[in-house]
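Worksheet: the structure to be examined is printed underneath.
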Amino acid sequence: MNIFLYGPPGSGKSSIGRELAARLRRPFVDSDEMIVARAGLTIPEIFEQQGEAGFRRLESEVCAELAALADHVIALGGGALLDAHNRSALERNGLIICLRAGPPELLARLQGSAEDRPLLAGDDPSMRLATLLAARRSVYDSFPAQVDTSGKTIAQVVDEIDSLLTPRSIWIDTPGLKHEIVLGYGLLNALPSLLTERGLHEPTLVVTDENVARCLPIDALHLPSVVLPAGEAHKTLDTVRLLYDKFLDHHLDRRSIVIALGGGVVGDLTGFAAATFMRGLRWVNVPTSLLAMVDASLGAKTGVDLPRGKNLVGAFHPPALVVSDPLVLATLPEAERISGMAEVVKHGIIGDVDLFESIESSPASFGSIVHIQRAVDVKVRVVTADPFEQGERAKLNLGHTIGHGLEAASDYTLRHGEAVAIGLVGEARLAERIGLADHGLADRIAQVIKRIGLPTSYRGDSVAIRNAMSTDKKKSGSKLKFALPMRIGEVVWEVEVDEDVLLDTLRGLTNT
Ligand SMILES: NC(=O)c1ccc[n+]([C@@H]2O[C@H](COP(=O)([O-])OP(=O)(O)OC[C@H]3O[C@@H](n4cnc5c(N)ncnc54)[C@H](O)[C@@H]3O)[C@@H](O)[C@H]2O)c1
Ligand SMILES: [Zn+2]
């Protein structure tokens, strides 16, 4: 995995890059130096003779070359990733870390070298820097891996990057469900060695879907694979039967290991087929969507839908290992990334104030490993406390009671994360209405959700939503039971709500 250092001028990409490369014993490359060597001119000379457009052309050529490298540390020019094509080429071949610092510190670090930087040269570098930062802020903000270099030495920043790169191991340590979750950048490439290290080296088969197979380098795993059609519509017993056939074709037996490589649909299907084929095969879950990383891959639930409802058939079947590599999110469609953030917010509300506040205040990026880890930790804590869904695990239903009603009432035109986002706001309003939560909680949640780009209201019929909620299989007995927030970080469950208050709250969600 390459490590690309990016960020505004003065953020320390080259000096930190050199030090990081030395620490990691990897070759170091500076994209600006490559451009200079290629053109035989200094950067100011290139700008003078060929204009900024000429410089950017050279830069794109260099980025294409950099994308073909492996295991390098690479410092990129501050404008290199303004071009979406350069960005996606590099993003698919490594981790981009955006280094940041406040304008005064950037300016101080640039003292004496502004004339070498054509975009900052002139009478008032401070003004020019401010203009450049304003124009590029949304791009710099959009990288999931951000490191603030303010007031830090190079060695301190290198330490921070080093810890960002170190895989973390999290355990679901409960009888009957015990297994490890490894989370780290670049782990997909390391999958064969991760499996071998854990003694999982029997014959394996990879199950994935057509989108994932197109986007991710599954051939590099050198394992036989089954590619399923993508989407919830295929999370059925028919697909499970097809998997059984493929398992038989590949001569799998009880020693075999099946690897689910995909979103929650592939994970649920493969896990269920593994749970039931020959009374149980070992399986490894490699979630590739944000939702699957922070939710579906955790807790050992597997299953499929029936025509009369979602997830009506299933089994608890813990994987031997879960491997989450946030780098794979680079190819996940934007709408899926945004949708997955609803579950990250949910986990913040359920049990991590710092996570919620970090989403509230951090740049609008998706897939930060820090956010993923914190969200995973919340779910792991809840699942460990209640492995087989006897009580506390109902907390995880936060946002989902109204959310499921919305999904069904919209005929599943709303994405799951969109429905959950509206559900989180609706259920927080409900909590305020019945005096469980302080006034203002729902607005605070709505603000975060809007900032992520998720909806907080739905144009539709509130009675239809209410009726659709009645078919929620998670209700016990005849009355709906809600998980409701008291405050950020604290949720209670099994709350019954007066029907009129519920209907009025739903009306509020559809009127706004
Ligand atoms: N078992 C559980 O505890 C649990 C918990 C929550 C949700 N779920 C289930 O998870 C499912 C939803 O999961 P999901 O949102 O991941 O849906 P999904 O598996 O359908 O993935 C969403 C889309 O993204 C594509 N995709 C996934 N990873 C990609 C990547 N890296 N690059 C490009 N495309 C990629 C998929 O092909 C699909 O089109 C539902 O069926 C839900 O019931 C299960
Ligand atoms: Zn969900």
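Here, residue 1 is the first one in the sequence, and each next residue gets the next number. One-based numbering, in listed order, for ligands and for the atoms of each.
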request  = Using 2.8 Å as the cut-off, note every protein N, O or S atom close to the Zn ion (ligand 2).
outcome  = Glu343 OE2, His400 NE2, His416 NE2
inquiry  = Cation-pi check for Trp171 against Lys178: NZ or CZ below 6.0 Å from the six-membered ring centre and within 45 degrees of the axis, yes or no?
reply    = yes
ask   = Under 3.5 Å, is there a donor-acceptor pair linking the side chains of Ser60 and His85?
value = no
query = Can you check whether His416 and His400 have ring centres sitting under 6.0 Å from each other?
reply = yes
request  = May I ask you to check if Arg444 and Phe356 form a cation-pi contact, with NZ or CZ under 6.0 angstrom from the six-membered ring centre and within 45° of the axis?
outcome  = no
inquiry  = What I'd like to find out is whether the side chain of Leu95 reaches to under 4.5 Å of the side chain of Ile97, using heavy atoms alone.
reply    = yes
ask   = Which is it for Glu389 and Lys301 under the salt bridge (charged side-chain N to carboxylate O under 4.0 Å, His left out) test, yes or no, and what are the steps along the way?
value = CA-CA 10 Å; Glu389 222 166 19; Lys301 287 208 275 181; 2.9 Å; yes
task = Answer yes when Arg466 and Glu499 have at least one side-chain N-carboxylate O distance shorter than 4.0 Å, and no when they do not.
result = yes
ask   = If you count only heavy atoms, which residues are under 4.0 Å from ligand 1?
value = Asp209, Asn211, Val212, Cys215, Ala230, Glu232, Lys235, Gly263, Gly264, Val265, Asp268, Thr288, Ser289, Leu291, Asp295, Ala296, Lys301, Lys310, Asn311, Val328, Thr331, Leu332, Pro333, Glu336, Lys379
query = Would you say the side chains of Lys235 and Asn311 form a donor-acceptor pair under 3.5 Å?
reply = yes
message = Side chains of Ser169 and Glu180 only: does a donor on one sit below 3.5 Å from an acceptor on the other?
response = yes
